[in-house]
Amino acid sequence: MALPQVKQDALAARLSGLSAPAKGWTQAARAAATDRLNAQGLPTRRDEYWRYTDPAQLTRPDVSGAAAVLAPSFAALDTVKLVFTDGVFDAAASDDPAAAGVELLSLAGAADIHWAQGLYGQLETRGSSPVERPLAALNTAHAREGVLIRVTGQAAKPVSLIYTQKSAVSDVFLHHVVKLEEGAEITLLESGTPGARFNTVLEVDVASNARFHHIRTQGPDADRRGLTHIFAHMADNALFKSFTLTAGGRLTRNEAILEITGDDSVAHVAGTVMGEGRDFLQDDTIFITHASERCESRQVFRKVLKNGATGVFQGKILVKQGAQKTDGYQMSQSLLLDEDAQFLAKPELEIYADDVKCSHGSTSGAIDETALFYLQSRGLPKRTAQALLVLAFLAGTLEEIEDEAIAAEVHARLEDWLHGLED
Amino acid sequence: MLEIKNLHVKLEEEDKVILKGVDLKIGPGEVHAIMGPNGSGKSTLSYVLAGREGYEVTEGSAELDGEELLEMEPEERAAAGLFLAFQYPVEIPGVGNMTFLRTAVNAQRKARGEEELSAGDFLKIVREKAKTLKIDADMLKRPVNVGFSGGEKKRNEILQMAMLEPKMCILDETDSGLDVDAMKLVSEGVNALRSAGRSFLVITHYQRLLDHIKPDVVHIMAAGRIIRSGGPELALEVENNGYADLLDGVK
Ligand SMILES: Nc1ncnc2c1ncn2[C@@H]1O[C@H](COP(=O)(O)OP(=O)(O)OP(=O)(O)O)[C@@H](O)[C@H]1O
Ligand SMILES: [Mg+2]
């Protein structure tokens with residue numbers, strides 16, 4: 001079916017000025033992504049999965065924002081730092097990639113024949129069905145930068161992707177591919193704002209007995225407009241854990257699309273969000289597919305929203321036929337600090353196996369007045385008491401971070417950024 | 001120490017009057033007890049003194065050492081030396097008991113212009129006091145009151161009181177839910193704090209607690225008023241005969 005003219009025009013406007021690399025090992029994937037994009041068009045608010053979040057800021061041709069200067073989030077940890085400035089890998093500012101003890105290449109410079117060939121755009125394609133994700137296809141078609149990581153054993157250090165933004169008009173695409181071979185383990189950190197506007201894709205293939213840990217911070221810049229995607233595939237007895245701390249920004253949508261096809265695997269996606277003001281919108285859109293037996297998945301999200309801020313959660317667990325003994329859990333909660341703030345949640349369960357345990361819940365509430373009074377009655381000023389309760393609420397998700405040192409770093413950022421929210 | 005005069009309180013949201021002219025005067029170092037039927041307004045009195053929202057004072061005053069309490073924020077009352085051990089201590093998920101205690105102690109010290117306790121000093125004091133109340137290290141680490149048994153919650157209230165060293169302590173049914181040994185423990189904790197400069201208002205239904213914490217004066221509250229005051233023998237009378245005679249006497 002041909003795309004309606006308005007959609008064709010919108011897509012043409014968005015693509016003007018963008019060009020895909022003409023040659024190389026990613027070419028077939030890019031061509032296929034372009035075909036999908038042409039068939040689907042860009043998303044609009046009329047699309048089922050963009051009902052709560054208007055994608056206009058992500059799809060319009062022009063970009064304008066403010067450059068953000070952010071303190072690094074994981075500075076205290078011993079990591080291999082890879083710096084991208086306005087979406088371009090900055091080798092001079094980065095550590096020697098070899099120190100990570102993994103195969104690590106920049107997408108921009110990777111040679112033609114490559115292990116990533118079977119992955120680049122492939123997990124994205126799989127994750128774009130049954131729900132279309134045209135902006136992910138746009139990324140696959142046009143991203144020139146990113147990292148390609150292949151892990152065969154235990155990575156020596158976490159790899160820390162640090163995004164810095166200098167331009168107020170940078171329109172950044174980043175596409176990362178991580179391949180964990182059997183029994184491998186790595187921690188990937190991400191922090192900072194990639195550009196005035198950004199669209200990132202992270203494809204992760206987790207082989208049997210491999211373990212992938214992802215911890216990301218976003219913020220606390222005021223002007224961020226970004227869309228991130230994680231497309232992950234898990235084999236047997238694999239582990240995938242992703243945690244995101246988000247503060248500030250205008251529009252941040254984090255999508256995670258996980259597919260488990262091996263038995264006995266574990267997939268967790270968690271997030272903590274704090275946002276303030278009418279211009280703040282943060283959206284977590286998760287899709288977890290269970291296609292194998294005895295796997296566990298968890299979605300745990302907590303958001304504190306203030307002064308008219310909006311939080312969105314769309315989470316789905318799909319349990320396919322035969323995915324017996326699936327243990328699926330989904331919980332999204334928000335703390336609304338005033339009556340103007342809103343939390344829109346759309347939890348979904350779709351189950352085609354009979355022997356499964358799946359639960360989901362979503363709550364939205366104000367600060368607990370009884371607890372507030374109790375703390376005040378012990379001498380805590382109201383603001384201190386409130387901050388303590390908000391911190392306690394948000395910090396509940398940090399249990400999802402396995403590494404204690406990283407969890408402590410994230411906790412410190414959480415506290416700092418919360419102070420920013422109060423002032 | 002504490003002087004309540006003609007206190008009238010109604011619910012903010014409804015036209016329900018709960019306290020109908022309470023008068024009460026507690027001198028320094030004194031222990032007073034309030035007994036009274038369920039629903040007579042005892043907890044309301046303690047909440048109003050501590051500054052809980054939802055109540056409207058329509059008449060009267062309550063002064064702590066000459067300062068009007070009713071005008072202050074709850075935290076200012078605490079800093080002024082008022083402490084309420086809650087009838088139903090509140091669970092606060094995610095806030096560690098230790099963090100809570102330290103934040104509270106230091107907030108009050110700060111409000112009074114005193115220096116904050118160092119982490120080390122604080123730890124030493126808290127461990128020592130927790131030990132006398134048989135509160136183990138695990139309970140100190142856990143979130144405030146979360147998963148505590150009824151008795152553990154009450155002991156935790158007394159620990160907070162011991163750490164904060166208030167001058168006016170209100171205990172709202174601290175004995176309910178305590179086993180015999182815990183009641184002794186808690187009473188000893190309270191008695192250890194008794195001093196010439198510290199007063200207590202003990203709300204209870206049972207004479208038994210008053211065997212351990214000997215009151216100077218016992219008041220009977222009914223339908224929002226103190227209908228009788230007397231010595232410890234008044235508590236015995238209640239224990240033996242219930243409230244019927246006392247209530248009849250008023251009518
Ligand atoms: N927030 C409220 N909303 C409605 N009614 C209330 C509220 N607070 C108090 N009351 C009512 O006021 C009366 C006094 O309650 P209060 O808790 O002070 O009694 P009490 O003497 O402490 O009783 P108990 O011995 O059972 O603890 C009761 O009838 C109670 O239902
Ligand atoms: Mg009561």
Side-chain angles (χ1 to χ4, degrees), chain A residues 243 245 270-274 300-304 331-335 337-338 361 363-401 404 407-408 410-412 414-415 418-419 422, chain B residues 46-55 69 72-97 99-112 114 116 143-146 153 156-157 159-161 163-166 169-170 172:
Chain A
F243 175 90
L245 173 67
T272 285
V273 176
M274 52 191 120
V300 185
F301 289 86
R302 291 196 182 179
K303 311 189 186 207
V304 58
M331 179 58 79
S332 65
Q333 294 173 287
S334 75
L335 188 58
L337 296 186
D338 54 64
T363 67
S364 202
I367 229 159
D368 179 353
E369 290 293 331
T370 315
L372 194 63
F373 171 63
Y374 189 66
L375 294 175
Q376 280 182 277
S377 79
R378 298 308 184 238
L380 272 66
K382 189 168 185 173
R383 283 172 61 100
T384 311
Q386 222 158 17
L388 197 62
L389 292 174
V390 170
L391 179 65
F393 171 74
L394 292 178
T397 55
L398 265 54
E399 288 165 15
E400 289 295 330
I401 303 173
E404 280 182 21
V410 174
H411 197 277
L414 177 57
E415 281 191 72
L418 212 48
H419 280 299
E422 280 163 46
Chain B
S46 67
Y47 284 143
V48 169
L49 291 174
R52 187 177 184 143
E53 281 179 19
Y55 303 103
L69 276 177
M72 298 183 204
E73 293 298 321
E75 60 268 29
E76 292 168 338
R77 302 178 197 210
L82 184 79
F83 180 91
L84 167 63
F86 283 54
Q87 179 172 1
Y88 304 108
V90 181
E91 297 189 4
I92 310 188
V95 177
N97 213 7
T99 309
F100 164 59
L101 277 171
R102 192 146 77 94
T103 315
V105 167
N106 283 333
Q108 291 203 18
R109 293 178 76 99
K110 204 172 147 198
R112 290 194 293 259
E114 298 163 17
E116 296 191 356
V144 180
N145 294 326
V146 177
K153 284 180 182 168
N156 201 30
E157 293 290 286
L159 174 64
Q160 291 166 39
M161 186 168 89
M163 289 304 298
L164 294 168
E165 303 186 320
C169 309
I170 305 173
D172 190 358

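Protein chains get the first letters and strands the later ones, always in sequence-line order, with residue 1 at the start of each.
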Pairs of heavy atoms under 4.5 Å with chain A: top-ranked of B/G54, B/P166, B/A107
B/A107
So which of B/E76, B/E157, B/K110, B/M161 has the biggest tally of heavy-atom pairs under 4.5 Å with chain A?
B/E157
Does a salt bridge link B/R102 with B/E116, judged by any charged N lying under 4.0 Å from a carboxylate O?
no
How long is the gap from CD on A/Q333 to OG1 on A/T363, to the nearest 0.5 Å?
3.5 Å
For A/A395, is it the side chain, the backbone, both, or neither that has a heavy atom closer than 4.5 Å to a heavy atom of chain B?
neither
Between the side chain of B/E75 and the main-chain N/O of A/K382, is any donor-acceptor distance below 3.5 Å?
yes
Count the heavy-atom pairs under 4.5 Å between each of B/P89, B/A79, B/G94, B/A111 and chain A, then report the option with the highest count.
B/G94
Tell me which of these, B/N106, B/L82, B/V144, B/L84, has more heavy-atom pairs under 4.5 Å with chain A than the rest.
B/L84
Identified side chain to side chain contact (heavy atoms under 4.5 Å, CB included) counterpart of A/T397 within the set A/V273, A/V410, A/T272:
A/T272
Treating B/R77 as the side-chain partner and B/L69 as the backbone partner, does any N or O pair qualify as donor plus acceptor under 3.5 Å?
yes
